[in-house]
Amino acid sequence: MISRIDLRGDALPEGGALRDLLPRAEFDVEAALEKVRPICEDVHHRGTAALIEYAQKFDGVELSQVRVDTEAIKAALEQLDPAVRAALEESIRRARIVHRNQRRTEHTTQVVPGGTVTEKWVPVERVGLYAPGGRSVYPSSVVMNVVPAQEAGVESIALASPPQKEFDGLPHPTILAACALLGVDEVYAVGGAQAVAMFAYGTEDCLPANMVTGPGNIWVAAAKRYFTGKIGIDTEAGPTEIAVLADSTADPVHVAADLISQAEHDPLAAAVLVTDSAELADAVEKELEPQVAATKHVEDRIKPALAGKQSAIVLVDSLEDGLKVVDAYGAEHLEIQTADAAAWAARVRNAGAIFVGPWAPVSLGDYCAGSNHVLPTGGCACHSSGLSVQSFLRGIHIVDYTRDALAEVTHHVVTLAEAEDLPAHGAALKARFGWKVPTQ
């Protein structure tokens, strides 16, 4: 059901050579880019008419408009299962606690007497958020996108989610209900690359956004790449990943359940166990069989994901080697199920989010830990962070110098300007002092 990679016996290679030994899903955004380019440009030129046409082509629904009426959003909340509502409210509450503490404050540094630099934090004006609606429906992604944007102070928030044939062309009602709980009333029944294009270019119905965030399929990722530079994006999200660093103290029942929990997302989902215990590897492999048989989405998602080249049990000589492996892998989600798990977690450098010990499974982070589940995939955790309040803020430096403070440093500025053969830079200071460099 799942392959093995045996890295025992020899010294582990460094850097890219180690990464090349590890499993990874194939996710060719560049190839998809050529297919989304005409869709994006069609939305640019035809606006809402193109969006309605693509809803028919890709989603099988006939729409007369793409913006969802506020009454439909309210109705979705009224009809929501009370238990689901309570769970969403708790998810929102916990996410707000964490993200509110991420707010940055203005700070002024006195560089020299009379010379200060202030850094102020300004939210982007308008964001477009994407909530997937393909194989699964993710109201939790609505929470994870909206809460940090709201806590950052973004004034204008719009959300797009694919139209659903079984709900008369509206996004899934649980998505709409989550929007209602969060106070988001600008919602569009638009999916895929065309949703990103709608936010990037704007249409007759939708104002353009400064930034687009949210997970999606390869077409959404390709559209984000297409618009990079025109709008801000969070990340080109690829298939979800879980890596588990475990030793002989780990419970194979827990480990198997956690691997399966991510495999059920998508046939390209990655499930990786890194362990120095052959006994644990055997026990986990044995445990996968009955747990997979007892759940849903087995043939179309879980089995292909676990059997795919992106998933494996990786055997190493020691936890030290295991740490090198998980850092090279840079998982979206990394569980540490070892003795003294907190100490090992503290040493990890590359992960989207780290889950410590047996009582912090990835599923907790997906919904109710308070952390954000929009995280870097495909090894991007070695250079990128998950979605946060900071994602929606821009730092702006405000430089304030007096005449004396400028005079004190003018000779250095002139020297550096001339060293770079940019004499006009120095002249901009000389002009303020009668074209002479102030004496020190």
Side-chain angles (χ1 to χ4, degrees), residues 1-9 12 21-25 239-299 301-329 331-345 347-348 351-367 369:
M1 181 175 291
I2 189 169
S3 63
R4 291 199 185 193
I5 299 173
D6 195 337
L7 298 181
R8 295 173 298 179
L12 293 177
L21 295 176
L22 303 178
R24 189 76 74 185
T240 190
E241 306 161 343
I242 181 175
V244 182
L245 177 62
D247 62 13
S248 60
T249 68
D251 187 329
V253 174
H254 297 174
V255 175
D258 294 352
L259 295 176
I260 294 168
S261 73
Q262 292 303 298
E264 77 172 335
H265 275 288
D266 187 279
L268 289 178
V272 177
L273 167 62
V274 181
T275 183
D276 64 346
S277 170
E279 292 76 16
L280 177 70
D282 292 341
V284 169
E285 197 164 3
K286 183 178 179 180
E287 184 62 36
L288 285 173
E289 296 284 349
Q291 288 198 34
V292 168
T295 191
K296 293 176 64 177
H297 312 304
V298 173
E299 299 300 329
R301 303 183 203 173
I302 294 174
K303 281 187 175 180
L306 292 176
K309 61 184 294 184
Q310 72 274 17
S311 299
I313 296 174
V314 181
L315 291 167
V316 291
D317 284 319
S318 65
L319 282 182
E320 287 291 344
D321 282 350
L323 183 62
K324 293 177 183 177
V325 168
V326 297
D327 267 338
Y329 185 71
E332 178 189 18
H333 311 95
L334 174 62
E335 290 187 357
I336 308 293
Q337 298 202 35
T338 65
D340 202 5
W344 285 102
R347 295 178 59 192
V348 172
I354 303 171
F355 300 82
V356 183
W359 310 115
V362 168
S363 299
L364 174 65
D366 283 341
Y367 300 112

J.: Just wondering, do L280 and S248 contact through their side chains at under 4.5 Å, heavy atoms?
T.: no
J.: With rounding to the nearest 0.5 Å, note down the distance linking OG in S318 to NZ in K324.
T.: 7.5 Å
J.: Would you check, one step at a time, whether the test side chain to side chain contact (heavy atoms under 4.5 Å, CB included) holds for R24 with E241?
T.: CA-CA 9 Å; R24 189 76 74 185; E241 306 161 343; 3.1 Å; yes
J.: Nearest 0.5 angstrom please: D276 CG to L7 CG, how far?
T.: 12.5 Å
J.: Can you check whether L22 reaches V272 side chain to side chain, under 4.5 Å on heavy atoms?
T.: no
J.: Which atoms form the tightest heavy-atom contact between V326 and V274, and what is the distance?
T.: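 Result for this residue pair: CG1-CG2, 4.0 Å.
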J.: Taking side chain to side chain contact (heavy atoms under 4.5 Å, CB included) as the definition, give me every residue that meets it alongside A342, ordered by chain and number, with sequence neighbours left out.
T.: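 Testing A342 for side chain to side chain contact (heavy atoms under 4.5 Å, CB included), a comparison that skips the adjacent residues, returns V356.
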J.: Among residues at least two apart in sequence or on other chains, which ones pass salt bridge (Lys or Arg N to Asp or Glu O under 4.0 Å) with K303?
T.: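 Testing K303 for salt bridge (Lys or Arg N to Asp or Glu O under 4.0 Å), a comparison that skips the adjacent residues, returns E299.
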J.: If you compare all heavy atoms of I5 against all heavy atoms of P23, which two are closest, and at what distance to 0.1 Å?
T.: CD1-CD, 3.7 Å
J.: Looking at every non-hydrogen atom in both residues, tell me the closest pair between T275 and A281 and how far apart they are.
T.: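 Scanning both residues, the minimum pair turns out to be CG2-CB, 4.2 Å.
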J.: According to salt bridge (Lys or Arg N to Asp or Glu O under 4.0 Å), does anything in residues 309-323 pair up with another residue at least two apart or in another chain? List the pairs.
T.: E26-K309, E320-R347
J.: Does D247 have any side-chain hydrogen bond (donor to acceptor under 3.5 Å, both in side chains) partners at least two apart in sequence or in another chain, and if so, which?
T.: T249
J.: With E335, which residues qualify under salt bridge (Lys or Arg N to Asp or Glu O under 4.0 Å), at least two apart?
T.: none
J.: Determine the minimum heavy-atom distance between S277 and L315, stating which atoms define it.
T.: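 Answer, listing the atom of S277 first, then L315: O-CD2, 4.2 Å.
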J.: Quick one: salt bridge (Lys or Arg N to Asp or Glu O under 4.0 Å) pairs with a partner in residues 279-288, sequence neighbours left out?
T.: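 Counting only pairs at least two positions apart or across chains, the salt bridge (Lys or Arg N to Asp or Glu O under 4.0 Å) contacts touching residues 279-288 are R4-D282, R4-E285.
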J.: Which atom pair, heavy atoms only, marks the closest approach of A351 to L334?
T.: CB-CB, 4.0 Å
J.: Sequence neighbours excluded, which residues qualify as side chain to side chain contact (heavy atoms under 4.5 Å, CB included) partners of A263?
T.: I302, A305, L306
J.: Using atom types as modelled and distance alone, determine if a side-chain donor or acceptor of S3 lies under 3.5 Å from a backbone N or O of S311.
T.: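 It does hold such a pair.
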J.: Which atoms form the tightest heavy-atom contact between W344 and A339, and what is the distance?
T.: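 It is CD1-O, 3.5 Å.
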J.: Looking at residues at least two apart in the chain, or sitting in another chain, which of them share a salt bridge (Lys or Arg N to Asp or Glu O under 4.0 Å) with D251?
T.: none
J.: Mind checking side chain to side chain contact (heavy atoms under 4.5 Å, CB included) for T240 and listing every partner two or more places apart, or none if nothing turns up?
T.: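 Here the qualifying residues are Q262, H265, A269, E332, H333.
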J.: Please name all residues satisfying side chain to side chain contact (heavy atoms under 4.5 Å, CB included) with P358, sequence neighbours left out, ordered by chain then number.
T.: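 P358: side chain to side chain contact (heavy atoms under 4.5 Å, CB included) contacts with H254.
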J.: Does any part of the side chain of I2, heavy atoms only, come nearer than 4.5 Å to the side chain of I313, both counted from C-beta?
T.: yes
